[in-house]
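I have placed the structure first, in the form of structure tokens, so that the comments after it can refer back to it.
Each chain gets a letter, A, B and so on, in the order the sequences are listed, and its residues count up from 1. Side chains included, hydrogens not; waters and symmetry mates left out as well; all remaining heavy atoms used. Source: prediction; values computed, not measured.
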2 protein chains.
Amino acid sequence: MELKQNIKLAVDAIVFGYADNKLNVLLIKQKFGILKNQWALVGGFVKDNETLNDAVNRELKEEAGIKVNYLEQLYTFGDNINRDPRFRVVSVAYFALINSTKLILKADSDAEEAKWFPINNLPELAFDHKEIIATAQLRLQSKLTYQPIGFDLLPKEFLFSELENLYCTILNKEIDRRNFRKKILSYDIIEETEKYGNKIKGRPAKLFRFNKQKYSKLHKSGFLFEINFA
Amino acid sequence: MELKQNIKLAVDAIVFGYADNKLNVLLIKQKFGILKNQWALVGGFVKDNETLNDAVNRELKEEAGIKVNYLEQLYTFGDNINRDPRFRVVSVAYFALINSTKLILKADSDAEEAKWFPINNLPELAFDHKEIIATAQLRLQSKLTYQPIGFDLLPKEFLFSELENLYCTILNKEIDRRNFRKKILSYDIIEETEKYGNKIKGRPAKLFRFNKQKYSKLHKSGFLFEINFA
DNA sequence: ACAAAAGTGTTAATCTTACACCCATGT
DNA sequence: ACATGGGTGTAAGATTAACACTTTTGT
């Protein structure tokens, strides 16, 4: 078969972080090339002998120096033929979560700068990256309600109030504190530690830990995680 | 930027049909080329100036002569580098539903044959198409429970028992007839017609129709469709 | 009259929602 | 003692699950 196809394949990653009660997106600014001085998602072209998955992980490492906690394929953007002004590029977008609280992003190198932006205050973005981020945000919101992925945005040990806040922030909803705690605890997938968080004010709060093994086991035997308040 | 990338981009469609209480998948057999005498999904390479969406629709028309009722992107298969023995091909798989009961598939042309296969009795398949179909089946099962896509597998006017059966078959579950009917009717998105189905035995049954407009309106105002029985 | 599938209600159990006060600490 | 956030229980309402008999038709 003679096949002359001139489409390039790229991957892009939408990396979400959560800090200071805000949902952030990781963006990079390249100092050279077509993207000079424009903020964009982490991403790049796929190599001939590289899986898509390897490609994203490589870009995450190269461009931001990070390894994410959660990664899944989001959507393949290929219906806008001119999304890249240079030539036809189809991009497989990935959705990633990371505990960003103590993360040090790759410092300004010669090549690029990586920075967190609150999702409600994004800069001008390259290509169709704004649309990609919007798609990712919807995925995050819906997935949060039926898979315990919120924990991948928090440190290993976290306060109940942090978890609660994460849900309220990302879902943009008020959630009853008592009902929320009751439901999460009823699932028996997080465990109390002996430690306390170091909040400055108020009564000290216990730190909790997500038990991923326990969740996996429950999940396999048909358990459905669900957080879905009015 | 100098970019030498040698990856080809294809689309594949998993078309589901429902007939005789069975879930079927549409497969084609090409009489020439690499796929000679192998059953495979409808699909092919994307043209340089064609959206992904146009590519799938074109293949559906060319290879099977059909227009589907429902189409959405499923997943992009690009982690198995050797999924195509010829060269590196990344395939964007689409998930499609069609009312197959009265569908006449493109008859044996010189080029190919299109045929329905029960999902529980698939032939040997080309490439990684078995895996793609498995992914699609999971998507169908989960989507059926939270979006009214079952109607896209039925004729415009259908019997309640057909709908019920479709759910039982695809979800592989027994569902209480009374509770099912009660719940579906409570959503107020299907309407009774004046007509009766032409079953041979038993009491005549009314035909129903899905009111898509009504569903869209409800959906926009926050209504959630959900069919989720123990 | 019988076989076959359609149509229909009620009750108990479970889950969800709404709601407010006391607790432990630092200042 | 007061300010701050942490921790907890209960009752009403809504939803779900379990369950079986009657109806309409063709033979």
Of all residues at least two apart in sequence or in a different chain, which pass the side-chain contact (heavy atoms from CB on, under 4.5 Å) check with A:Ala55?
A:Val11, A:Val46, A:Glu50, A:Arg58

Decide whether B:Gln30 and B:Glu63 meet the rule of one side-chain donor and one side-chain acceptor closer than 3.5 Å.
yes

Spacing between B:Lys183 atom NZ and D:dA14 atom P, to the nearest angstrom:
16 Å

Nucleic acid contacts - residues 145-173 of chain A versus DNA chain C, non-hydrogen atoms under 4.0 Å:
none

Sorted by chain and number, sequence neighbours left out, salt bridge (Lys or Arg N to Asp or Glu O under 4.0 Å) with A:Lys173 holds for none

Could you give the CD1-to-C1' distance, from B:Ile227 to D:dT16, as a whole number of Å?
12 Å

In whole angstrom, what separates B:Phe208's CZ from C:dA6's P?
11 Å

A:Asp188: partners by salt bridge (Lys or Arg N to Asp or Glu O under 4.0 Å), with sequence neighbours left out:
A:Lys214

If the condition is side-chain contact (heavy atoms from CB on, under 4.5 Å), which residues does B:Thr51 pass it with, not counting sequence neighbours?
A:Asp79, A:Ile81, B:Asn53, B:Asp54

Check every atom of C:dT17, D:dG7, C:dG7 against the side chain of A:Phe229 and return the nucleotide holding the closest atom.
C:dT17

Is any N or O donor-acceptor pair between the side chain of A:Arg178 and the base of C:dA18 shorter than 3.5 Å?
no

Could you list all N or O pairs between the protein and nucleotides 24-27 of chain D that sit under 3.5 Å apart?
{"residue": "D:dT24", "atom": "O2", "partner": "B:Arg203", "partner atom": "N", "Å": "3.3"}

Validation: residues 116-129 of chain A side-chain donor-acceptor distances under 3.5 Å, sequence neighbours left out:
{"residue": "A:Asp128", "atom": "OD1", "partner": "A:Arg83", "partner atom": "NE", "Å": "3.2"}
{"residue": "A:Asp128", "atom": "OD1", "partner": "A:Arg83", "partner atom": "NH2", "Å": "3.0"}
{"residue": "A:Asp128", "atom": "OD2", "partner": "A:Arg83", "partner atom": "NE", "Å": "2.7"}
{"residue": "A:His129", "atom": "ND1", "partner": "A:Leu41", "partner atom": "N", "Å": "3.0"}

Listed pairs under 3.5 Å, donor-acceptor, residues 194-202 of chain B side chains, sequence neighbours left out:
{"residue": "B:Lys195", "atom": "NZ", "partner": "B:Glu157", "partner atom": "OE1", "Å": "2.8"}
{"residue": "B:Lys195", "atom": "NZ", "partner": "B:Glu157", "partner atom": "OE2", "Å": "3.3"}

Provide, to the nearest angstrom, the distance between the NZ atom belonging to B:Lys195 and the P atom belonging to C:dA6.
19 Å

Using the test side-chain contact (heavy atoms from CB on, under 4.5 Å), find all partners of A:Asn21 that sit at least two apart in sequence or belong to another chain.
A:Tyr18, A:Asn165

Write down the distance between CZ (A:Arg181) and P (D:dG9), rounded to a whole number of angstrom.
11 Å

Qualifying residues under ring pair (Phe, Tyr, Trp, His ring centres under 6.0 Å), relative to B:Tyr70, sequence neighbours excluded
none

Can you identify which nucleotide, out of C:dA6, D:dT16, D:dG6, has its nearest atom closest to the A:Arg177 side chain?
D:dG6

Round to the nearest Å and state the distance from A:Phe180 atom CZ to C:dA18 atom P.
16 Å

Gap between atoms CD and C1', on B:Glu192 and C:dA6 respectively (whole Å)
12 Å

If we only count heavy atoms from C-beta on, is the B:Ile190 to B:Phe151 side-chain gap below 4.5 Å?
yes

Roughly, in whole Å, what's the span from CG in B:Asp176 to C1' in C:dT8?
12 Å

Sub-3.5 Å pairs of nitrogen or oxygen atoms, protein against nucleotides 10-12 of chain C:
{"residue": "C:dT10", "atom": "O4", "partner": "B:Lys182", "partner atom": "NZ", "Å": "2.9"}

Of B:Lys206 and A:Ala230, the one whose closest DNA chain C nucleotide lies more 5'
B:Lys206

Ring centers of B:Phe225, B:Tyr146 separated by less than 6.0 Å:
no

I need the full list of salt bridge (Lys or Arg N to Asp or Glu O under 4.0 Å) pairs touching residues 142-155 of chain A, with sequence neighbours left out, sorted by first then second residue.
A:Glu72-A:Lys143

